[in-house]
Structures are given as C-alpha cells and as structure tokens.
Amino acid sequence: MADLHLTMDPVADELISRDPFALLIGGLLDQQFPMERAFAGPVKIVERFGNLDPAQIAAADPEAFAELCATPPAVHRYGRSMAGRIQQLAQVIVDEYDGDAAQVWTEAESGRDLARRLEGLPGYGKAKVKMFVALLGKQLGVQPPGWEKIAGDYSQDGYRSIADVVDQESLLKVREYKKMKKAQSK
C-alpha cells in the first residue's frame, strides 16, 4: 500500500498505510468526528487491544471492547457504539473475506462491484462509499473500471474529501471546502 498522510500522526499514518483493516476502521469512524482523528482511531485500538486481527476483534468480549474504545482519549466521540460497529466490521471481514480486508478492493471487478462490497460493510453508506472509493483510487491506485463514476465529485481534482489529504495544508483546504459546501446547502 502507498504511504498515506491522513492523520498528521506518523504512527497512525504508518498503520493505515500498511494495514487494510485499519484503513477500513478509519473510514468507519469518519462520521460526526474530525477525519484525521477518525483515521487515527485504529492506532488507539492497537495500543489498547494489542493488534487489529479481525478474528480476535470480532471474538472479543463486547463490553470489554466497548470500554477499550470509550476510554479517553476515545477512538470516537461515540466510542461505545462505534466499538460495536468495529466488531461487526471485523466479523464481516472474517466471514466474507477470510479475514483479509484488502480483498474488499483487490478482488473488486468494477467500480460498481467495489461499491457493492463497501456498502455491505457496517457503517458504509452511499456517501462514505463515494469518499472511500475516491481515497482508494486517488491515493492507493485502486481503480477498477468505473471507479470515477462511483466516486462522483470526489474523483475530481481539488480538495473535496479525505481522498485529497496528503499533508496539513491539504487537510485545511478540505475543511474549507466542506465548510463552503455546508454553507451553500443552508
């Protein structure tokens, strides 16, 4: 995988750069929470749980895992509920992808297939799928036929989403774009 710079934390960025399951967890946590902190969530789980093995996370005691995710600094502002989602995500990766999260995208035959696979993951609705497909396409070179159509505006050049974050300056530009879009929608 390529070197991602989404969190501005070298340790967290290294983890999401080398571990596809960490990247999926970051995508899951990227809602109602600052995106760079969402993608830094997996490193907190490793520090507290010891690893990101999907089978072990899926099998973990739900209460203990929820406590681990909610302990300050929490992995998300809704640490307990997101802990359940992370465990659900881990179970899907175990059941449908033999524990190999990268198969979600490495085995996708088209952009539509990639979208279908992502939409089958807990917490990955249509908007998140568009952003994640753009991230995979722009930064990781995962570009099955039709990926741009699935990513929509996020596939375009500019600073529209986490797919365009490569450093602190681009992060600020993405924030400005999101603020502008929110103001336009009012």
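On a predicted model such as this, the values are computed, not experimentally measured, just so you know.
- Of the possible polar contacts, one joining the Gln87 side chain to the Ala60 backbone as a donor-acceptor pair under 3.5 Å is found.
- Judged by distance alone, the side chains of Thr7 and Asp13 do bring a donor and an acceptor atom under 3.5 Å apart.
- Of all heavy-atom pairs between Ile57 and Asn51, the closest is CD1-O, 4.1 Å.
- Residues Met8 and Phe39 fail the side-chain proximity criterion, which asks for heavy atoms closer than 4.5 Å.
- Residues Val104 and Pro20 form no side-chain contact, since every pair of their non-hydrogen atoms from C-beta on lies 4.5 Å or further apart.
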* Check step by step if side chain to side chain contact (heavy atoms under 4.5 Å, CB included) holds for Tyr177 and Asp164. => CA-CA 11 Å; Tyr177 177 80; Asp164 303 304; over 6 Å; no
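- A salt bridge links Arg80 with Glu63: the closest approach of a Lys/Arg side-chain nitrogen to an acidic carboxylate oxygen falls below 4.0 angstrom.
- With values rounded to the nearest 0.5 angstrom, Lys178 atom NZ is found 4.5 Å from Met35 atom CE.
- Between the side chains of Ser110 and Asp113, not a single donor N or O lies within less than 3.5 Å of an accepting N or O.
- Cluster membership check: Val165 does not share its hydrophobic cluster with Leu172, using side-chain heavy-atom separations under 4.5 Å among Ile, Leu, Val, Met, Phe, Trp and Tyr.
- Transitive grouping of hydrophobic side chains (ILVMFWY, heavy atoms separated by less than 4.5 Å) brings Leu114 and Val129 into a common cluster.
- Side-chain contact of Arg160 with Tyr154: a donor-acceptor pair under 3.5 Å is absent, judged by distance alone.
- For the pair His76 (side chain) and Ala83 (backbone), a donor-acceptor distance under 3.5 Å is absent.
- Of the possible donor and acceptor atoms, one in the side chain of Ser170 sits under 3.5 Å from a partner among the backbone N and O of Val166.
- Shown here is Asp157, whose CG atom has no more than 12 heavy atoms of other residues, nucleotides or ligands within 6.0 Å.
- Between the side chain of Tyr159 and the backbone N or O of Glu176 there is no donor-acceptor pair closer than 3.5 Å.
- Gly41 and Val75 get closest at one heavy-atom pair: O-CG1, 3.9 Å.
- A donor-acceptor pair under 3.5 Å is formed between the side chain of Lys44 and the backbone N or O of Ala74.
- The two atoms that bring Ile16 and Pro42 nearest to each other are CG2-CG, 4.4 Å, heavy atoms only.
- Nearest heavy-atom pair across Arg117 and Glu107 is NH2-O, 3.3 Å.
- In this structure, CG in Leu4 is found 10.5 Å from CD in Glu14, a value given to the nearest 0.5 Å.
- Cluster annotation: Ile25 and Tyr78 are assigned to distinct hydrophobic clusters (Ile/Leu/Val/Met/Phe/Trp/Tyr, side-chain heavy-atom contacts under 4.5 Å, transitive).
- Taken from CG in Leu68 to CZ in Arg48, the straight-line distance is 6.0 Å, to the nearest 0.5 Å.
- A donor-acceptor pair under 3.5 Å is absent between the side-chain atoms of Arg37 and the main chain of Arg77, judged by distance alone.
- Judged by distance alone, the side chain of Lys130 and the main-chain N or O of Ala115 form no donor-acceptor pair under 3.5 Å.
- Across all non-hydrogen atoms, the minimal contact from Gln139 to Ala2 is O-CB, 3.3 Å.
- Of the possible polar contacts, none joining the Asp100 side chain to the Tyr97 backbone as a donor-acceptor pair under 3.5 Å is found.
- The hydrophobic cluster containing Leu140 also contains Leu135, counting ILVMFWY residues as joined when their side-chain heavy atoms lie under 4.5 angstrom apart, directly or transitively.
- Distance check: Asp19 CG to Leu24 CG gives 9.0 Å after rounding to the nearest 0.5 Å.
- Taking hydrophobic clusters as Ile, Leu, Val, Met, Phe, Trp and Tyr residues chained together by side-chain heavy-atom distances below 4.5 Å, Leu28 shares a cluster with Phe49.
- Considering all non-hydrogen atoms of both residues, Ser155 and Glu148 come closest at OG-O, 3.5 Å.
- Heavy-atom neighbours of Glu109 CD from other residues, nucleotides or ligands within 6.0 Å: at or below the threshold of 12.
- Classification of the Trp105-Phe132 ring pair by plane angle, with boundaries at 30° and 60°, yields tilted.
- For the atom pair Ser161 OG and Asp30 CG, the distance stands at 9.0 Å (nearest 0.5 Å).
- Using a 4.0 Å cut-off between charged side-chain N and carboxylate O, Glu36 and Arg175 make a salt bridge.
- Cation-pi check for Lys128 over Tyr124 is met; the charged atom lies under 6.0 angstrom from the ring centroid and within 45 degrees of its normal.
- In this structure, Leu136 CG and Thr106 OG1 are separated by 10.5 Å, a value rounded to the nearest 0.5 Å.
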